[in-house]
Amino acid sequence: MTSPHLPARWGRRATACAALSALVLSGLAVGAAAPASAATVDVIGVDFSKTDGAVQGGASGMLYGLSDDGVPTDAIIAGARPTNLTQKAPHGAQHPNGDPLQVERAFFENGGQYLMTNIQDYYPDWAYNGGRRPSDFSTYLDIVRKVVKSVVDESDHPEKYVFTPFNEPDGGNWYADWGTMKDTYFQDWKAVYQVIKEVYPQAKIAGNGDTRWQSTRTRDFLTFAQANNVLPDIFTWHELGRGSLQYFRQHLAEYRKIESDLGMTALPVNITEYAMRRDMSVPGNLVQWLAMFEDEKVDAETAYWTYAGNLNDNMAKNNSANGAWWLLKWYGDLTGQTVAVTPPSLNAPDTLQGLGAIDTAKKQATVLFGGTNNTTRLDLSGLDPAVFGTTVDIQIREAEWSGQEGEAQAPPVVVAKRVAVGGTIQVEVPSTNRLDAYQAVITPTLPTAPVVDSTWSTSIEAENTTLRDVTAYNQDPAADWTFSASGGRDVGSTNKVTSSLTWTVDVPTTGTYRFGAIAGVNGSKIGPGKHALFVDGQNAATIEYEAGFDWSYRGRGETTIQLTQGRHELSVRMSADGSTLLPGSDISLDRFDLTRVDGPETTTYPAVLARTSASLDYTKGAVALTGDTTATFFPSARETGYYDVAIRYTTTGAAGLGVTLNDRSIGGLGADKAGTWTSTARVHLAEGITELKVGSAQGAAVQSVTVTRAADGDTATVRVEGEDAAKIALHGAARLETPGQPTNVSGKQLGWLGGNADNYATLSRPAGLGAGQYDLTVRYSNAEKNTGHAYNTDVITRFLDVTEDGGATTRGAFRNNYSWNGFWTHTVPLDLTTASGSLRLGNTTGNAPNIDWLALSPLVAKTTNTADAALTANVAASTRKLAGKVYVTVEVTNTSAVAVDVAIATSYGKKTFTGVQPGKKVSTSINTTKSSIPAGKATVTLTGSVNGATVNQTLTASYNAQN
């Protein structure tokens, strides 16, 4: 079938090395480079000396961003850190999920401050009650009583709820005709207000909740509410379209003027729905909204356009980050005071915008910015040397747009510089895609200057490749209801045997490369899909695409290939043999990328950038943990499996490390004496985001956490196929089935689990997996949803209950993944308490997901604690006279267990030696050019790499006077 389509842009993106050469750091820059050629530059000014209030952080809110307990995961919520949320009324029928009582635990435990509930969402239909005000309004008052009482009786935190009596009353919901319904609305508002207070006198109430800014309605309402003592605690309305980026500040000013005219105390404002489909998942779009709301110090919530439970398209799959999630994470990291930011043009949609903050206690300054295809220049001023010192380090990371379901790993450093403080520091950033956003962090100088990520990578827009028997489609980037495409175009109708997209690329070295495609898969109609990747005319690999929402809702497919240095032709084809169409090949393609893979995937997370209330020591590049203070990291895993999590730290004595992964304790880590240590836990991580907390009651200066894929550890995982009758017994209606094509099932699926207590499967406990902490990874499908809604897709989460014979029951939440034929993986933490009790798989309260396979993995495989080897040397210095000149001779013998670099320095000269092996001696004679010298000292610096970290040791040797 032919895909209906949107656009994408092509052109090779700069590699990390090219980005470095394009960087200009003028004024006081160290190692500044001039641009290769003149280009359009957008300038954004940031003055850190001009503060305008504490960081609000409230634009992180969302409408129906959470759907069920476990969807999304706690780690995803904690990282994005939404402070406010709107969900339906408890036990309401508007959507099949989104009940606040089901999501409040995860929300409040992970940074949530207050939860708003739309009382009218108790109704099942949209518009509410057929769009008509009930003729007997007491029926609605009964609903109000029921909703408020449910919160009071059933919530653990009723004091954190805010009740919204009417949602979009100016739309199709009862009071659109203000001329005839105004007085009715006033009396209804008063009645609902009084009922809420009657049931719960401490209740907080929000309104009006109009679909857009309505000046006349607002003035009329506030006049009435003030006169009748029924003012809301929070004033709300929606700012949805692209035009709101132009007019919101004007609207807010009008609102504040009304308050002033009425002599009111200013109310907190929450824009309870903002942004459109084109904005969701797009860092470069969302940063414009965040900057605007943060600048005006209001809270705001992204709108709900597709389905509940994925932070409104700002995360991927069950537990992964997309590019927008990293932006939200950066926003959640902000502390201190916001500062003056001057973009090229204020109130201008789809242009460079940003927000800045400074935390003088942490000695950190941050800028979040994006939204332009042009080079960005940051003009940074107002850094106080009394806070930052005379020199600072600047690190700029890029959150690339990766699509809605496209996983994005930890953003790389694309600009890194050490500069002197004073005047205006100008930093150019090669921002070539307006869909991307950036984070600049300025700190005092670190022990080692930050560097740009050196990973080689390049990309191209799909429509800029050589196209054969496919169609390029325009996707208007300014169209509110259109999902974004890179460059405003994409390529679809990939449904012929002869269809192909071909790209010629030069690679720098021979080795392994990862090929990635941002793609839209219409999962509900097609299921998962495949393309063949040809290299120089030969079929080299298969690109697997998991099912998605539709052709314009982007995910990501990846594969690895071997390439030799030089030029190659890469061709994405819809047929592997030239005669047969690959199943599910009708997939829209937006952008391709190619990245060099050098060894196991490794990412280092600096501790000074972690979330912490502990003090920071920039001379050590460390966070000083003691007592109950912690540092929180959010590492990302490309795939489910084992990883070495290495924590680098120093101690002044014996000290344990308190480490948790998603609130599960990892024991056995710490130092038994003073020194510099690396404590490593080989642990099982789920694909996506993990919340890692590190503490030390006795005291440790933690420098970094490095996460490295340890694929050899995957042998500890025991995987069982659903059809393995030797290990899985079926009961009741549970049975095996073969999904239809196209499918990515590995054999048969185990289905018809749950519905009642009789339909279940029993998994015999694999040998060797006794009591302890495990991860249960399930390859599953779940495409259940309600029959429909006006515009939301009412997907339904299915739950799998895992009951250990003789132990407890653990419930895993499996969100809708679009296709019964397509399978995703999801990992559930599972703590087992018996030595061999079997595992019962079912669901007594509903249907469980279909299962392809299950895998049990011990959470911790091993732990090690390694102290840095001391760098030692025997050093001797002497003098002699030759031809009337004095020479200072220094001999150094490396007595370390590792190779060292040796730097010898006297006041008369210096000499360096690289890679001196253990036990080897080096020496130098330095001509002083003098006939006599006084007694003095030679300084010898030893530098080596221990456990992957750089260690320095300084020694001295005395020499005698020579006359």
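The structure presented is a predicted model; accordingly, all values stated were derived computationally and were not measured. Keep in mind that the numbers below use all heavy atoms, side chains included, and drop hydrogens, waters and symmetry copies.
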Checklist line | Gap between atom OG of Ser746 and atom CH2 of Trp853 - 0.5 Å precision | finding: 8.0 Å

Item checked: Ion pair Asp593/Arg591, N-O distance below 4.0 Å -> no

Notebook entry, point to check: Do Asp831 and Arg664 have side-chain heavy atoms sitting under 4.5 Å apart?
Noted result: yes

Margin query: A quick test of your reading: do over 12 heavy atoms of other residues, nucleotides or ligands sit less than 6.0 Å from CZ of Arg567?
Written below: no

Margin query: Is a donor from one side chain sitting under 3.5 angstrom from an acceptor on the other, for Ser486 and Asp590?
Written below: no

Check: Does Asp852 reach the side chain of Gln749, with side-chain heavy atoms less than 4.5 Å apart?
Finding: no

Notebook entry, point to check: Can you check whether Ser281's main-chain N or O pairs, donor with acceptor, with Asn314's side chain at less than 3.5 Å?
Noted result: yes

Next item on the list: State whether the side chain of Asn744 and the backbone N or O of Phe823 hold a donor-acceptor pair below 3.5 Å, judged by distance alone.
Entry: yes

Next item on the list: Evaluate the side chain to side chain contact (heavy atoms under 4.5 Å, CB included) criterion for residues Ser402 and Arg556: first the C-alpha distance (whole Å), next the side-chain angles of each, then the deciding distance (0.1 Å), finally the verdict.
Entry: CA-CA 8 Å; Ser402 61; Arg556 182 173 175 83; 5.8 Å; no

Check: Are His826 and Tyr780 linked by a side-chain donor-acceptor pair shorter than 3.5 Å?
Finding: no

Check: Please walk me through it: do Glu544 and Lys530 pass side chain to side chain contact (heavy atoms under 4.5 Å, CB included)?
Finding: CA-CA 5 Å; Glu544 300 271 358; Lys530 296 179 181 180; 3.6 Å; yes

Note to self: Glu405 vs Arg815, test: salt bridge (charged side-chain N to carboxylate O under 4.0 Å, His left out). Steps then yes/no.
What the structure shows: CA-CA 13 Å; Glu405 296 288 14; Arg815 58 147 283 202; 3.3 Å; yes

Checklist line | Whether Tyr642 and His684 hold their rings parallel, tilted or perpendicular, with breakpoints at 30° and 60° | finding: perpendicular

Notebook entry, point to check: Do you know the tightest heavy-atom contact between Asp436 and Pro283?
Noted result: C-CB, 4.2 Å

Check: Less than 4.0 Å between a side-chain N and a carboxylate O, is that true for Asp724 and Arg719?
Finding: no

Margin query: So that I can tick it off, tell me whether Arg779 and Glu546 are bridged by a salt bridge, with the cut-off set at under 4.0 angstrom between side-chain N and carboxylate O.
Written below: yes

Note to self: Measuring only between side-chain heavy atoms, which start at C-beta, is Asp672 closer than 4.5 Å to Trp677?
What the structure shows: yes

Note to self: Quick check against the 3.5 Å criterion: does Gln773 have a side-chain atom that pairs as donor or acceptor with the backbone of Ser665?
What the structure shows: yes

Next item on the list: Check whether any side-chain N or O of Ser636 sits under 3.5 Å from a backbone N or O of Phe634 as a donor-acceptor pair, and report yes or no.
Entry: no

Item checked: Check against side chain to side chain contact (heavy atoms under 4.5 Å, CB included), Phe549 and Gln404 -> CA-CA 9 Å; Phe549 180 71; Gln404 291 83 358; over 6 Å; no

Next item on the list: Give the C-alpha distance, both sets of side-chain angles, the deciding distance and a yes or no for side-chain hydrogen bond (donor to acceptor under 3.5 Å, both in side chains) between Gln562 and Thr512.
Entry: CA-CA 5 Å; Gln562 300 298 313; Thr512 303; 2.8 Å; yes

Notebook entry, point to check: Backbone N or O of Val608 within a donor-acceptor pair of the Gln364 side chain at under 3.5 Å?
Noted result: yes

Next item on the list: Find the distance between CG (Leu769) and CG (Leu832) and round it off to the nearest 0.5 Å.
Entry: 8.5 Å

Check: Looking only at heavy atoms, which two atoms of Gln565 and Thr510 are closest? And how far apart?
Finding: N-OG1, 3.0 Å

Next item on the list: Please answer whether the main-chain N or O of Ile76 pairs with a side-chain N or O of Trp325 as donor and acceptor at a distance below 3.5 Å.
Entry: yes

Notebook entry, point to check: Can you check whether His531 reaches Ile587 side chain to side chain, under 4.5 Å on heavy atoms?
Noted result: yes

Notebook entry, point to check: Would you say Asn817's side chain and Ser781's backbone share a donor-acceptor pair under 3.5 angstrom?
Noted result: no

Check: Below 4.0 angstrom, N of the basic side chain to O of the carboxylate: do Asp868 and Arg648 qualify?
Finding: yes

Item checked: Minimum heavy-atom distance between Pro635 and Leu692, given as atom pair plus value -> CD-CB, 4.1 Å

Notebook entry, point to check: Do Asn662 side-chain atoms and Glu691 backbone N/O form a donor-acceptor pair below 3.5 Å?
Noted result: yes

Next item on the list: Write down the atom of Leu616, the atom of Thr612, and the distance for their closest heavy-atom approach.
Entry: CD2-CG2, 4.1 Å

Checklist line | Steps toward side chain to side chain contact (heavy atoms under 4.5 Å, CB included) verdict (Phe814, Asn850) | finding: CA-CA 10 Å; Phe814 294 80; Asn850 293 339; over 6 Å; no

Notebook entry, point to check: Does the side chain of Leu854 come within less than 4.5 Å of Leu841's, by heavy atoms?
Noted result: yes

Item checked: Evaluation steps, side-chain hydrogen bond (donor to acceptor under 3.5 Å, both in side chains), between Thr777 and Thr827 -> CA-CA 4 Å; Thr777 301; Thr827 299; 3.0 Å; yes

Item checked: Minimum side-chain heavy-atom gap Ile647-Leu657 below 4.5 Å -> yes

Check: Hey, are Arg709 and Asp714 close enough for a salt bridge, meaning a charged N less than 4.0 Å from a carboxylate O?
Finding: yes

Check: When rounded to the nearest 0.5 angstrom, what is the spacing between OG in Ser454 and CG in Asp598?
Finding: 8.0 Å

Checklist line | Non-hydrogen side-chain atoms of Leu830 and Leu839 separated by less than 4.5 Å | finding: yes

Checklist line | Asn322 side-chain N/O to Asp313 backbone N/O, donor-acceptor pair under 3.5 Å | finding: yes

Notebook entry, point to check: Between Asp644 and Thr680, does a side-chain hydrogen bond (donor to acceptor under 3.5 Å, both in side chains) hold up when you go through it step by step?
Noted result: CA-CA 6 Å; Asp644 288 333; Thr680 303; over 6 Å; no

Next item on the list: Determine whether Val802 and Glu804 make a side-chain contact, defined as any pair of heavy atoms from C-beta on separated by less than 4.5 Å.
Entry: no

Check: When rounded to the nearest 0.5 angstrom, what is the spacing between CD in Gln439 and CH2 in Trp330?
Finding: 5.0 Å

Margin query: I need the Tyr649 OH to Leu625 CG distance, nearest 0.5 Å.
Written below: 11.5 Å

Margin query: Ring-plane angle category for Trp503 and Phe515, please: parallel below 30°, perpendicular beyond 60°, tilted otherwise.
Written below: tilted

Checklist line | Heavy-atom pair of closest approach, residues Ala655 and Ser696 | finding: CB-OG, 3.9 Å

Note to self: Testing Leu446, Val452, Val451 one by one against Gln395 for a side-chain contact (heavy atoms from CB on, under 4.5 Å), which residue passes?
What the structure shows: Leu446

Notebook entry, point to check: Salt bridge between Glu558 and Arg514, side-chain N to carboxylate O under 4.0 Å?
Noted result: yes

Note to self: With a 3.5 Å distance limit and no angle check, can you tell me whether Arg81 reaches the backbone of Tyr331 through a side-chain donor-acceptor pair?
What the structure shows: no

Margin query: On a heavy-atom basis, which atom in Thr825 and which in Asn318 lie closest, and how many Å separate them?
Written below: O-ND2, 3.6 Å

Item checked: OG1-CG distance between Thr943 and Leu871, expressed to the nearest 0.5 angstrom -> 7.5 Å

